[in-house]
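Got a structure here, written out as C-alpha cells. Questions coming.
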Amino acid sequence: MTLISPGIHHVTAISSNPQRNLDFYSGVLGLRLVKRTVNFDDPTTYHFYFGDAEGTPGSLLTFFPWPDARRGRQGAGQAAVTSFAILPSAVGFWIERFIRYHVEFQPPKSRFDDERIIGFRDPDGFLGELVAYPGAEARNGCEGRAIPLEHSIRGIYSVTLWQESCDLTGKLLTDSLGFRPIREQASIFRYATAERGTGSIVDLRCVPGLWPGVMGAGTVHHLAFRAPDSESQMKAREDLVQRGYNVTAQIDRGYFFSVYFREPGGVLFEIATDSPGFVVDEPIDQLGQLLKLPQWLEPRRFEIEALLPNIRLPMELPGPNA
Ligand code: ZN
C-alpha cells in the first residue's frame, strides 16, 4: 500500500565540532534543542535534535557531530539543501542577524511566485535556506528571548534533492510515499504531499553532469518521511520491498521507529513514525537539558559521558535591541 505520508519527519546531517553546531542552530537560528542523546549506532558520539518548541515531526533537523569528520561536498545524489519557513515580514530580521553573527548568506531572491529565499551555510558548509512565504504564520514557531515568535523559524519548508536524473525518484515519491507533482521551474520539479504544511515539499533538482556528492561534515546523511503509525509504516515497507527496494527491518530509535532504504538517485531515505515522540523520556519544558540514553545504554552511562566531548548548552544570542 502506498504510504500517504504527511511529509518530511526529519533531516539528519553530519557536522564536525559539537559545540559549534549547538551554538549555530540554537544560538543563532534559535531552534530548540529538543533532544541531546548519542548516536545509537556509535554511542561515543552525540546525536542532537533541533526543532520547534515541542519537537513536532517536520520541524526536526538532527546532527551527528563527529569531531574528526572531514568536510563533505554537496553534489548529485544528495539531499543538498534544507529549507525552513519564515514569515515574509521576518526577512529583514534574518539578514541583520546573519550579518551580526557572520553567517555566510546570499541576498534574497525569488522562487516560484511567492517565495523569497535567503540561502546560507552553517559553519560546516551545510546548505540551508530561509523561505519566506505568505501563509507561514499558520505553522508553529518557537518563541525565544532574542527571536520573537513572529520572526522565528517555522519548521522545515522543503528539502531539495540534487539528482543526475529525476524520473525514478519522482516515481518513488508519487507511487510509494504519497507525494504528487505540483509544479516545475527550470530544472526544479516540485512534489508535495496531500496535506500542504510543515515539511510537505520535496524539490527534485536535475543536475546532469554535476560532480557526485561526497558525504562528510556539512552534508545530509539521510532524509526521513513521516508515517502516522507503525502499521502504516510496515505496509509502506511491504510495498517498497515488492517494488524491489532493499529496506531494513524496523529499528527502535527511542523517539520513533525507523526503516531505511536507498532511493534510486542514491539518497538514504527513512520512514519514521510520529510516535512516541520526544516527551517519552523527559518533560516538555526540559527537553534537551540532559543527556538522554536509551535504556540498554544506561548501564554504560559513566563510560559514555567520559568519552563524549564536553559541551555547554548555548544561550540564544541577543537580538537587534540588545
Ligand atoms: Zn533519521
Side-chain angles (χ1 to χ4, degrees), residues 3 5-15 18 21 25 31-43 45-52 55-66 69 72 77-84 124 126 128 155-156 158-161 172-173 176-177 193 198-200 202 213 215-230 232-234 236-237 240 245-263 265-278 280-281 287-288 292-294 297:
L3 174 69
S5 173
I8 293 160
H9 185 283
H10 64 266
V11 173
T12 293
I14 301 165
S15 70
N21 183 252
Y25 287 96
L31 300 179
R32 183 169 186 199
L33 179 67
V34 294
K35 195 63 64 184
R36 174 158 45 130
T37 184
V38 292
N39 182 338
F40 289 6
D41 300 325
D42 174 12
T45 59
Y46 284 113
H47 192 177
F48 296 149
Y49 289 80
F50 299 95
D52 66 12
T56 317
S59 73
L60 299 164
L61 173 62
T62 96
F63 280 94
F64 298 137
W66 293 328
Q78 279 190 340
V81 188
T82 305
S83 307
F84 299 90
D124 284 300
F126 177 91
I156 292 174
S158 63
V159 170
T160 304
L161 274 51
L172 169 67
L173 288 173
S176 299
L177 295 171
T193 55
T198 304
S200 63
V202 172
M215 183 83 79
T219 65
V220 169
H221 185 270
H222 64 266
L223 169 60
F225 295 91
R226 292 173 61 187
D229 50 42
S230 199
S232 56
Q233 180 191 51
M234 292 322 283
R237 183 184 181 282
L240 288 162
Y245 287 97
N246 190 2
V247 191
T248 67
Q250 192 189 54
I251 301 172
D252 182 357
R253 292 305 189 193
Y255 310 104
F256 42 83
F257 292 90
S258 301
V259 299
Y260 301 86
F261 63 101
R262 206 165 283 281
E263 59 85 28
V267 181
L268 185 61
F269 276 9
E270 172 184 351
I271 298 175
T273 55
D274 280 0
S275 23
F278 293 93
V280 71
D281 60 356
L287 291 179
K292 303 307 285 185
L293 296 176
L297 285 175

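We count ligands from 1, going down the list as the structure has it; atoms in each ligand are counted the same way. Here the structure is a predicted model, which is why all the values come from computation and not from measurement. One-based numbering along the sequence shown.
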- Query: Are Phe64 and His47 an aromatic pair by the rule of ring centers under 6.0 Å?
  - Reply: yes
- Side-chain donor-acceptor pair present, Thr62, Thr12, cut-off under 3.5 Å: yes
- Item | Shell of protein N/O/S atoms around the Zn ion (ligand 1), taken as anything under 2.8 Å | His10 NE2, His222 NE2, Glu270 OE1
- Listed partners of Arg253 passing side chain to side chain contact (heavy atoms under 4.5 Å, CB included), at least two apart: Phe40, Asp41, Ile251, Phe256, Ser258, Tyr260
- Task: Could you tell me the separation between the CZ atom of Arg32 and the CG atom of Leu60, rounded to the nearest 0.5 Å?
- Result: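 If we round to the nearest 0.5 Å, Arg32:CZ and Leu60:CG are 12.0 Å apart.
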- To the nearest 0.5 Å, atom CD of Glu270 lies from atom NE2 of His9 at 7.5 Å
- Item | Phe48 ring center within less than 6.0 Å of Phe63 ring center |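 For Phe63 and Phe48, the ring centres are not under 6.0 Å apart.
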